[in-house]
**Q** 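I am attaching a structure below and will ask some questions about it afterwards.
Just so you know, these numbers come straight off a predicted model, no measurement behind them.
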Amino acid sequence: MRPRTSSPYQRGNSPRGPPVCSPASPRETGRPSPPRRTRAQLLCAGQGLSMLGSGAAAIALPLLVLRVTASPLSVGLVEAVWTGALALACLPAGPVVDRFDRRTLLLVCEAGRAVTSAALAAAVLTGRASLPVLLVAGVVLGFLTAPFNAAGLASVRQVVPESKLSTALAVNQVRGQLAFLVGPVLGGVLYQLSPSLPFWLDAASFVVSAVCVRALGTALRVPESERELQGWRQSFTAGLRFLWADRLLRDLALVASAQNFVFDGVYLAIVVVCARHGTSGASIGLLTATSAAGAMTGVLLAPRVSRRLSPAGVLLGTEVLCALLVTAMAVGGAPAVLAVLLAGCALAVSVSGSVMTVARMLRTPPRLQGRVNSAIGLLFMATPPLGSTLAGLLLDSLSDGAVFLVLGALLAVLALFLPRATTFGRPPRPLEAGAKAEAGV
């Protein structure tokens with residue numbers, strides 16, 4: 001999250017001290033290192049292409065499950081397993097990211113995701129994409145995506161100077177939203193041509209992303225002087241201990257996690273409702289792409305909003321607005337109306353998400369970046385599988401309008417709870433929280 005004003009928490013390293021996280025020298029890697037700006041561009045380009053393919057596959061997956069099983073409950077089950085695997089892998093991913101070369105880790109993850117996505121595409125093409133195959137693919141992709149996400153965010157912190165970090169993260173988020181704006185539309189069109197094509201695109205995007213990472217030409221290690229000597233067991237929980245010691249990040253993360261629970265159900269409900277009414281795959285892709293357009297607008301508005309509202313105020317406004325918009329979906333069930341309402345929700349959620357991302361990057365010591373990112377990722381990813389499952393159950397037993405009314409009511413309850421959950425005092429300095437985490441407090 002972006003702090004409202006500059007603060008001592010933003011002053012990461014002393015300019016007189018050693019760099020907290022610096023890439024290995026060309027002498028270590030055996031190849032010349034590109035300029036720092038080029039490394040940042042390569043890293044962002046690779047992640048953007050990877051997101052493009054994932055956006056295309058994300059819209060094709062529920063449509064494919066509906067085609068194979070004809071059951072909304074099965075759609076919710078598959079979504080829950082794919083997201084749940086990612087959540088389970090978040091916690092162990094953190095220590096791995098903080099101990100090993102992050103560039104190598106990114107390469108391994110992208111290679112594994114490319115092979116898995118290609119195998120899934122081949123199964124779809126040959127008519128062998130049964131429910132068990134889809135579940136296994138989700139588990140493998142989840143276990144590879146968690147370390148990739150943690151290493152990617154920590155690597156941005158390494159290749160971008162602290163003075164430009166906020167700008168770089170904003171550009172990164174706009175890039176991601178552009179990918180998810182184009183990806184669903186492209187995925188919907190490709191699905192209409194052949195259900196396997198979105199997954200082939202996903203596999204190709206991982207290959208191109210791996211090429212971009214390899215072109216960095218330099219390792220991305222935490223220097224020996226900054227590396228911790230904790231055992232694996234203690235290292236697994238260091239990120240959670242740091243997060244718990246920082247009251248600001250802890251409370252906002254918990255509220256945002258509950259928010260994710262509801263919104264995963266909202267998204268799934270929109271896709272299933274539109275598919276039930278005969279909306280084409282391309283149209284559904286265009287509908288969900290409008291949410292990316294709303295989210296991209298939210299990213300651009302986030303700095304201005306954060307200067308006028310506290311983090312708690314941003315989250316409260318998000319919950320109130322989204323509760324009203326989701327409730328309105330019960331009345332306006334036409335795809336065009338749902339698209340506009342979904343875009344409004346995405347805009348509000350993107351503002352609050354942008355505020356949180358910048359804050360945790362600036363407040364977390366570099367040696368804990370991987371573990372704190374993974375701890376927050378665990379909280380964020382643990383609840384969506386439950387939201388997908390709930391939405392699947394509701395869609396099987398209630399009318400379309402009643403489903404949106406239930407989800408809107410859940411957001412309203414969260415908005416009522418929020419003022420008590422986010423009564424923030426002065427948060428501890430990052431080094432204080434880090435000391436508590438290392439001490440096991």
**Q** Which value, rounded to the nearest 0.5 Å, describes the distance between S196 atom OG and L201 atom CG?
**A** 11.0 Å
**Q** Who pairs with R67 by salt bridge (Lys or Arg N to Asp or Glu O under 4.0 Å), at least two apart in sequence or on another chain?
**A** none
**Q** Rounded to the nearest 0.5 Å, what separates atom CE in M296 from atom OG in S291?
**A** 11.0 Å
**Q** Return a table of donor-acceptor pairs under 3.5 angstrom between the side chains of residues 375-383 and protein atoms on other chains or two or more places apart.
**A**
{"residue": "T383", "atom": "OG1", "partner": "S257", "partner atom": "O", "Å": "2.6"}
{"residue": "T383", "atom": "OG1", "partner": "S257", "partner atom": "OG", "Å": "3.4"}

**Q** Measure from the side-chain N and O atoms of T297 to the backbone N and O of A293, and report whether any donor-acceptor pair falls under 3.5 Å.
**A** yes
**Q** Which pairs count as salt bridge (Lys or Arg N to Asp or Glu O under 4.0 Å) when at least one residue sits in residues 177-192, sequence neighbours excluded?
**A** none
**Q** Considering all heavy atoms of both residues, which atom of A114 and which atom of A203 are nearest to each other, and what is their separation?
**A** O-CB, 3.6 Å
**Q** Under the salt bridge (Lys or Arg N to Asp or Glu O under 4.0 Å) rule, what pairs show up with a residue in residues 285-298, not counting sequence neighbours?
**A** none
**Q** Looking only at heavy atoms, which two atoms of P198 and Y191 are closest? And how far apart?
**A** CG-N, 3.8 Å
**Q** Show me the pairs that pass salt bridge (Lys or Arg N to Asp or Glu O under 4.0 Å) and involve residues 178-195, at least two apart or across chains.
**A** none
**Q** Any side-chain heavy-atom pair from M329 and L407 closer than 4.5 angstrom?
**A** no
**Q** Side chains of V406 and L398: closer than 4.5 Å at any heavy-atom pair?
**A** yes
**Q** Listed by chain and number, what are the side chain to side chain contact (heavy atoms under 4.5 Å, CB included) partners of V185, not counting sequence neighbours?
**A** L286, A289
**Q** Within the 4.5 Å heavy-atom criterion, are L414 and F261 side-chain neighbours or not?
**A** no
**Q** Can you find a pair of side-chain heavy atoms, one from P147 and one from V96, that are under 4.5 Å apart?
**A** no
**Q** Nearest 0.5 Å please: distance from the CZ atom of F263 over to the CG atom of L410.
**A** 11.0 Å
**Q** Side chains of F206 and S50, heavy atoms from C-beta outward: is any pair under 4.5 Å?
**A** yes
**Q** Suppose we screen for side chain to side chain contact (heavy atoms under 4.5 Å, CB included). Which residues come up paired with L144, at least two apart in sequence or across chains?
**A** R113, T116, V140
**Q** Give the minimum heavy-atom separation between S54 and D202, together with the two atoms involved.
**A** N-OD1, 3.1 Å
**Q** CG/D101 to CG/L106 distance, rounded to the nearest 0.5 angstrom?
**A** 8.5 Å
**Q** Using distance only, find each side-chain donor-acceptor pair of residues 118-136 under 3.5 Å and give its atom names and separation, not counting sequence neighbours.
**A**
{"residue": "T126", "atom": "OG1", "partner": "A122", "partner atom": "O", "Å": "2.9"}
{"residue": "T126", "atom": "OG1", "partner": "A123", "partner atom": "O", "Å": "3.3"}

**Q** So, taking the atom named CG in L347 and the one named CG in L321, what distance separates them when rounded to the nearest 0.5 Å?
**A** 8.0 Å
**Q** Determine which pairs satisfy side-chain hydrogen bond (donor to acceptor under 3.5 Å, both in side chains) with at least one residue from residues 323-339, sequence neighbours left out, and list them in order.
**A** none
**Q** Got a second to check how far Q259's CD is from L254's CG, nearest 0.5 Å?
**A** 12.5 Å
**Q** Just by distance, do the side chain of T145 and the backbone of G142 share a donor-acceptor pair under 3.5 Å?
**A** no
**Q** Answer whether the closest heavy-atom distance between the side chains of S205 and L52 falls below 4.5 Å.
**A** no
**Q** How close do G392 and L268 get, counting heavy atoms only, and between which atoms?
**A** N-CD2, 4.4 Å
**Q** Please report the closest heavy-atom contact between I59 and G188, naming both atoms and the distance.
**A** CG2-N, 3.8 Å
**Q** Under the rule for salt bridge (Lys or Arg N to Asp or Glu O under 4.0 Å), what residues qualify as partners of E79, not counting sequence neighbours?
**A** none
**Q** Would you please test T290 and V340 for side chain to side chain contact (heavy atoms under 4.5 Å, CB included) and show each step?
**A** CA-CA 7 Å; T290 59; V340 173; over 6 Å; no
**Q** Would you mind listing every salt bridge (Lys or Arg N to Asp or Glu O under 4.0 Å) that reaches into residues 391-411, with sequence neighbours excluded?
**A** R276-D400
**Q** Show the atom names and distances, to 0.1 Å, of all donor-acceptor pairs under 3.5 Å that link a side chain in residues 330-339 to residues at least two apart or in another chain.
**A**
none

**Q** Is any side-chain heavy atom of V326 closer than 4.5 Å to one of C345?
**A** yes
**Q** Identify the two heavy atoms, one from G298 and one from S350, that lie closest to each other, and give their separation to 0.1 Å.
**A** C-OG, 3.8 Å
